[in-house]
Chemist: 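Just dropping this structure here.
Here the structure is a predicted model, which means the values were calculated and not measured. Proteins get letters first, then strands, A, B, ... in listed order; numbering begins at 1 in each.
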Number of protein chains: 2
Amino acid sequence: MKPETDARITDTRKKILDLAEALMLSRGFNAFSYQHISAELGVRNAAIHYHFPKKSDLGVALIERYCRRFERFTQAQAELSPGEQLEKYFELADRYFGQQQICPSGILSAELQTLPDDMRLQTQAFVALMRGWAADIVRRGRDAGVMHYPGTAEGMGDVVFAAMQGALQLARFDQQALQAVKLQIRLLLGCQ
Amino acid sequence: MKPETDARITDTRKKILDLAEALMLSRGFNAFSYQHISAELGVRNAAIHYHFPKKSDLGVALIERYCRRFERFTQAQAELSPGEQLEKYFELADRYFGQQQICPSGILSAELQTLPDDMRLQTQAFVALMRGWAADIVRRGRDAGVMHYPGTAEGMGDVVFAAMQGALQLARFDQQALQAVKLQIRLLLGCQ
DNA sequence: GACACCTTACTGACCAGTAAGTAGAGTCGC
DNA sequence: GCGACTCTACTTACTGGTCAGTAAGGTGTC
């Protein structure tokens with residue numbers, strides 16, 4: 001009998017997801033193939049089709065994992081101050097940058113028109129999560145009196161989110177762009 | 001005898017560039033094929049290879065045209081006030097949005113790792129142009145006393161540029177995101 | 001013997017790119 | 001003003017590679 005937590009994920013399945021994630025964030029979803037993964041993993045192409053019959057199944061699983069991971073991430077940071085949360089948000093971006101990657105919402109929204117419907121829906125949910133968190137940080141920052149900006153929290157959150165997404169793309173040309181944008185956002189929010 | 005201006009561009013060549021541009025901005029560079037263009041144009045695939053032997057030749061020509069167009073654009077706006085220039089910058093984004101497109105630097109930087117070397121170089125030049133202009137607007141805005149922000153003009157320019165690039169991608173999910181980001185940038189710059 | 005997890009072997013679609021040929025328009029010598 | 005030539009702008013016909021996806025079979029484990 002299986003344990004009630006059916007979240008047992010086979011080793012191969014996890015490795016596929018990990019490799020697919022790295023490939024998607026560096027090359028894009030359309031620009032990697034099952035071959036890329038199978039070669040690296042030392043299995044045959046069909047083994048990947050066994051776990052993810054269609055490529056869109058792999059894509060959806062990837063984004064779902066992002067959503068779960070992101071929710072765990074925000075919950076873990078729930079007790080921190082808004083300023084500290086912002087820095088955590090920045091660290092997330094730094095981590096992508098260190099691996100020559102851009103953020104998932106960046107690549108997915110750029111490729112959106114060519115993605116299958118199920119992936120598009122999932123992407124929409126993920127983007128909504130990230131936007132919501134950015135808005136939340138700056139809202140609570142203003143409520144706590146440590147962040148200062150004109151307009152609405154949603155507007156400011158969108159600027160922070162969009163600027164960070166854009167900055168990760170910019171950073172592919174200029175190493176310092178990400179640092180510059182992070183610094184400027186801190187200044188604009190009047191924290192530090 | 002030919003006129004000394006040898007810039008006569010054949011009709012087909014221009015049509016190819018126009019179609020390729022629309023395809024790239026909506027689907028991405030890797031996600032459109034010569035078939036897409038030839039079918040729409042009513043010619044054979046090889047006709048496109050005649051004008052652009054390799055796909056990267058088409059890509060480079062596309063970005064070169066962007067650079068020329070952008071320089072003409074900024075020169076035409078040279079006499080305007082910084083505030084008006086910012087609005088022109090915003091109008092550019094609105095135009096992309098209206099056609100369900102994102103900005104060229106957005107798609108090109110997202111796909112950067114998979115682009116041929118010559119396109120990468122050309123993209124770098126184009127991004128440098130756009131970044132430079134954004135920094136220029138806010139620098140002259142501050143010098144003229146109509147824009148107010150902390151930090152450097154380069155930092156603020158990067159935030160404006162990155163935020164607009166990100167906002168166009170966000171706008172694919174939420175129609176109002178672009179408006180919201182534009183408004184927030186105006187507020188952050190303290191103009192209007 | 002049922003099931004999970006693979007394999008080999010294949011299909012058909014699409015892709016960029018090439019080679020060789022052709023139609024028409026312009027150029028040149030005479 | 002006419003044939004020979006050349007150039008531009010294509011065409012048809014093809015190649016080799018890559019792609020997602022499938023079908024059927026094998027193997028070890030519970």
Chemist: Rounded to whole angstroms, how far apart are CD1 on A:Ile37 and C1' on D:dC19?
Modeler: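 Spelled out: CD1 on A:Ile37 to C1' on D:dC19 is 13 Å.
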Chemist: Under the ring-ring contact (aromatic ring centres under 6.0 Å, His included) test, which residues partner B:Tyr89, sequence neighbours left out?
Modeler: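 Only B:Trp133 meet the ring-ring contact (aromatic ring centres under 6.0 Å, His included) criterion with B:Tyr89.
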Chemist: Round to the nearest Å and state the distance from A:Ile16 atom CD1 to C:dC5 atom P.
Modeler: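 From A:Ile16 CD1 to C:dC5 P: 11 Å.
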Chemist: Suppose the criterion is ring pair (Phe, Tyr, Trp, His ring centres under 6.0 Å): which pairs have a residue in residues 21-46 of chain A, not counting sequence neighbours?
Modeler: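 Applying ring pair (Phe, Tyr, Trp, His ring centres under 6.0 Å) to every pair that reaches into residues 21-46 of chain A, excluding sequence neighbours, yields A:Phe29-A:Phe32, A:Tyr34-A:His49.
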Chemist: Is a side-chain donor-acceptor pair under 3.5 Å present for A:Ser81 with A:Glu84?
Modeler: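 On atom types as modelled, these side chains qualify, holding a pair under 3.5 Å.
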Chemist: By ring-ring contact (aromatic ring centres under 6.0 Å, His included), which residues pair with A:Phe97, not counting sequence neighbours?
Modeler: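 None.
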Chemist: Could you tell me whether the phosphate oxygens of C:dC5, OP1 or OP2, come under 4.0 Å of any side-chain nitrogen or oxygen in A:Thr12?
Modeler: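 Looking at the OP1 and OP2 atoms of C:dC5, neither is under 4.0 Å from any side-chain N or O of A:Thr12.
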Chemist: List for me each residue that meets ring-ring contact (aromatic ring centres under 6.0 Å, His included) alongside B:Tyr50, sequence neighbours excluded, and say none if there are none.
Modeler: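 Residues passing ring-ring contact (aromatic ring centres under 6.0 Å, His included) with B:Tyr50: none at all.
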Chemist: Rounded to the Å, how far apart are A:Ile48 CD1 and D:dT18 P?
Modeler: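 To the nearest whole Å, that distance equals 16 Å.
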Chemist: Can you measure A:Arg44 atom CZ to C:dC10 atom P for me and round it to whole angstrom units?
Modeler: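 Interatomic distance, CZ of A:Arg44 to P of C:dC10: 14 Å.
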Chemist: Return the polar atom pairs (N/O with N/O) between nucleotides 15-20 of chain C and the protein under 3.5 Å, or none.
Modeler:
unit_1, atom_1, unit_2, atom_2, d
C:dC15, OP1, B:Ser33, OG, 3.3
C:dC15, OP2, B:Gln35, NE2, 3.2
C:dA16, OP2, B:Tyr34, N, 3.2
C:dG17, OP2, B:Lys55, N, 2.6
C:dG17, N7, B:His49, NE2, 3.1
C:dT18, OP1, B:Lys54, NZ, 3.3

Chemist: With sequence neighbours left out, which residue pairs that include part of residues 138-186 of chain B fulfil the ring pair (Phe, Tyr, Trp, His ring centres under 6.0 Å) condition?
Modeler: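 The answer is none; no pair qualifies.
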Chemist: Just the rounded figure in Å: distance from C1' of C:dC5 to CG of A:Leu41.
Modeler: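 Taking atom C1' of C:dC5 as the reference, CG of A:Leu41 is at 13 Å.
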